[in-house]
A.B. asks: 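One structure follows; several queries about it will come next.
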Amino acid sequence: MKSISLDIKGIKPYVSKEEQEIMEEKVYEAHDMLENKSGLGKNMLGWLSLPENRDEEEIERIKKAADRIKKQADVFIVVGIGGSYLGAKSIIDLLSNSFSNMETLSDRKHPQIIFAGNNMSAKYTKDLIEYIKDKDVAINVISKSGTTLEPAMSFRILRMFLEEKYGISGAAQRIYVTTDKDKGVLHDIAKKNEYEMFVIDDNIGGRYSVLTPVGLLPMAVANIDIEDILDGALFASHVFNQRSIEGNDCYKYALIRNILYQKGKSIEILASYEPSFRYFIEWYKQLFGESEGKDNKGIFPAGVNFTTDLHSMGQFIQSGSRNIFETVINIEIDRTFIKFPETKDDEDKLNYLAGKEIDYINKQAFLGTLDAHISGGVPVMVINMEDLTEYNIGQLIFFFEKACAISGYILGVNPFDQPGVEAYKKNMMNLLNNG
Ligand code: PA5
């Protein structure tokens with residue numbers, strides 16, 4: 001069942017029908033490049049058929065590993081950076097209690113999930129080791145290349161911690177590795193030490209890997225139904241493959257964002273009214289930032305959490321530089337059904353809200369902001385999502401991945417490489433090797 005749809009009423013004052021028609025052919029060319037595997041980065045299209053080519057045996061192995069981890073650990077540490085953690089983190093946040101990591105193990109029903117290897121902070125490292133010292137720990141180290149410095153450093157430290165605590169063979173039972181199937185330092189370490197290993201296929205880049213074991217193992221540990229996620233993605237892979245603009249909201253979104261870019265709107269702000277979307281927005285930023293930001297081109301992907309950020313970024317969005325457009329993810333149905341309470345004395349003068357669903361109040365903030373931003377010079381698209389379920393999140397993930405690939409091709413870049421990431425690494429290595 002389709003539960004993701006795009007509302008483009010908020011771009012009507014800014015983009016004409018004719019402008020859309022002129023650009024349509026570019027979308028079809030991009031679609032054909034993906035279908036015929038004839039575009040830039042054509043060897044990196046494995047993510048497209050992932051939902052279709054689901055490996056049932058691997059899913060079973062992931063679920064078994066997750067069950068083992070749940071028995072072994074109070075704390076499960078996911079070690080990875082960029083595409084090797086943002087997808088899992090975002091989906092776990094979306095589907096968990098907002099205070100999940102503070103709940104007790106018996107309330108949460110799975111280990112506390114912590115992310116590491118995504119920074120080089122000495123403080124973070126010290127605090128982490130301090131925090132886990134008396135806890136039972138299992139780790140999943142995720143690195144496609146197997147050589148990225150942040151997770152590699154974190155893995156060395158955590159592996160030493162585990163070996164000291166459980167002995168070499170005890171530690172080996174608690175280390176799960178997700179990496180390339182036959183190369184890289186991490187691959188070699190995993191093989192030599194007989195760690196349980198999961199594979200990222202060669203034809204899937206890090207930021208497109210959330211539906212591989214990279215994302216699926218951590219999600220399964222968090223008791224997320226990974227099959228529902230994949231079912232949603234599978235459905236989306238059909239719906240968002242139509243060679244049509246009218247019938248394909250994913251292509252429409254890619255089309256509109258490129259028209260807006262050509263009209264000087266070079267920043268896209270992804271907004272949500274749910275705090276749990278914070279890391280989804282980070283995932284989106286990486287996906288589009290690394291895919292499109294090259295050859296001196298690209299829409300700068302930014303993000304905000306409303307209403308929180310209406311009190312920090314709202315001013316700028318409303319009347320700062322007019323080079324931005326906004327895309328809002330709107331969850332249509334909220335299933336919490338919490339009503340705002342009434343008080344007898346109405347001391348705080350809020351009884352005018354009494355009896356209203358809190359989500360209804362949040363929605364009025366959304367609608368009011370939508371109108372204000374559109375009339376303030378910000379084109380706004382709305383991605384409506386029926387409700388927050390595994391199935392719908394699977395659809396949303398695929399929607400953005402496909403839109404990103406189409407959008408990158410329209411822009412004329414290779415959406416599947418990231419040559420710019422190497423520049424800082426080279427300088428840092430020079431400094432580290434000569435310091
Ligand atoms: O999208 C990408 O390829 C990158 O952002 C990677 O995910 C990130 O750099 C981590 O790389 P690796 O998994 O090789 O450690």
Side-chain angles (χ1 to χ4, degrees), residues 40-48 50 77-91 115-121 139-159 175-190 195 197-219 279-294 298 300-301 303 397-398 400-405 407-408 413-429:
L40 293 165
K42 57 187 180 218
N43 299 326
M44 298 304 288
L45 299 180
W47 58 275
L48 260 180
L50 262 179
I77 307 177
V78 180
V79 180
I81 195 164
S84 288
Y85 93 104
L86 284 169
K89 168 85 178 135
S90 60
I91 297 180
F115 291 82
N118 54 50
N119 62 65
M120 291 185 179
S121 159
I139 69 173
N140 178 201
V141 52
I142 308 172
S143 176
K144 186 179 175 197
S145 61
T147 55
T148 309
L149 191 54
E150 291 89 341
M153 284 171 61
S154 182
F155 179 44
R156 176 188 280 205
I157 292 165
L158 289 168
R159 190 176 161 204
I175 296 175
Y176 300 80
V177 172
T178 309
T179 191
D180 187 90
K181 76 172 180 316
D182 41 36
K183 58 179 187 303
V185 179
L186 184 58
H187 165 272
D188 297 346
I189 295 175
Y195 300 149
M197 201 164 109
F198 295 91
V199 157
I200 314 165
D201 287 335
D202 282 346
N203 59 359
I204 302 172
R207 58 190 176 276
Y208 291 85
S209 70
V210 54
L211 301 177
T212 72
V214 169
L216 297 178
L217 178 58
M219 284 186 235
Y279 268 89
F280 186 89
I281 291 170
E282 294 304 316
W283 173 81
Y284 143 87
K285 277 160 64 178
Q286 191 214 352
L287 180 65
F288 281 80
E290 279 191 351
S291 300
E292 292 193 317
K294 51 196 70 157
F300 184 86
I397 290 282
F398 200 87
F400 276 111
E401 288 183 341
K402 188 81 186 278
C404 183
S407 192
V413 299
N414 178 353
F416 309 111
D417 67 359
Q418 55 284 331
V421 180
E422 294 311 312
Y424 96 88
K425 286 189 190 165
K426 210 169 127 218
N427 291 347
M428 176 180 72
M429 285 318 208

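Along the sequence shown, residues carry numbers from 1. Both counts, for ligands and for their atoms, begin at 1 and track the order of listing.
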A.B. asks: Decide if the gap between the ring center of Phe400 and the ring center of Phe280 is smaller than 6.0 angstrom.
C.D. replies: yes

A.B. asks: Not counting sequence neighbours, which residues clear ring-ring contact (aromatic ring centres under 6.0 Å, His included) with Phe155? List them please.
C.D. replies: none

A.B. asks: Report the residues that fulfil salt bridge (Lys or Arg N to Asp or Glu O under 4.0 Å) with Glu401, sequence neighbours left out, ordered by chain and then residue number.
C.D. replies: none

A.B. asks: Would you check if Lys294 and Asp417 make a side-chain contact, meaning some heavy-atom pair closer than 4.5 Å?
C.D. replies: yes

A.B. asks: Quick check for students: name every N or O atom pair between ligand 1 and the protein closer than 3.5 Å, with distances.
C.D. replies:
{"residue": "ligand 1", "atom": "1 (O)", "partner": "Arg207", "partner atom": "N", "Å": "2.9"}
{"residue": "ligand 1", "atom": "1 (O)", "partner": "Arg207", "partner atom": "NH1", "Å": "3.2"}
{"residue": "ligand 1", "atom": "1 (O)", "partner": "Gln286", "partner atom": "NE2", "Å": "3.3"}
{"residue": "ligand 1", "atom": "1 (O)", "partner": "Glu290", "partner atom": "OE1", "Å": "3.1"}
{"residue": "ligand 1", "atom": "3 (O)", "partner": "Gly206", "partner atom": "N", "Å": "3.3"}
{"residue": "ligand 1", "atom": "5 (O)", "partner": "Gln286", "partner atom": "NE2", "Å": "2.5"}
{"residue": "ligand 1", "atom": "5 (O)", "partner": "Glu290", "partner atom": "OE1", "Å": "2.8"}
{"residue": "ligand 1", "atom": "5 (O)", "partner": "Glu290", "partner atom": "OE2", "Å": "3.2"}
{"residue": "ligand 1", "atom": "7 (O)", "partner": "Gly83", "partner atom": "N", "Å": "2.9"}
{"residue": "ligand 1", "atom": "13 (O)", "partner": "Ser84", "partner atom": "OG", "Å": "2.7"}
{"residue": "ligand 1", "atom": "13 (O)", "partner": "Lys144", "partner atom": "N", "Å": "2.8"}
{"residue": "ligand 1", "atom": "14 (O)", "partner": "Lys144", "partner atom": "N", "Å": "3.4"}
{"residue": "ligand 1", "atom": "14 (O)", "partner": "Ser145", "partner atom": "N", "Å": "2.8"}
{"residue": "ligand 1", "atom": "14 (O)", "partner": "Ser145", "partner atom": "OG", "Å": "2.7"}
{"residue": "ligand 1", "atom": "14 (O)", "partner": "Thr148", "partner atom": "OG1", "Å": "3.4"}
{"residue": "ligand 1", "atom": "15 (O)", "partner": "Ser143", "partner atom": "OG", "Å": "2.6"}
{"residue": "ligand 1", "atom": "15 (O)", "partner": "Thr148", "partner atom": "OG1", "Å": "2.5"}

A.B. asks: Do Trp283 and Ile91 make a side-chain contact, defined as non-hydrogen atoms from C-beta onward lying under 4.5 Å apart?
C.D. replies: no

A.B. asks: Considering only residues two or more places apart or on different chains, which pairs with a residue in residues 139-151 satisfy salt bridge (Lys or Arg N to Asp or Glu O under 4.0 Å)?
C.D. replies: none

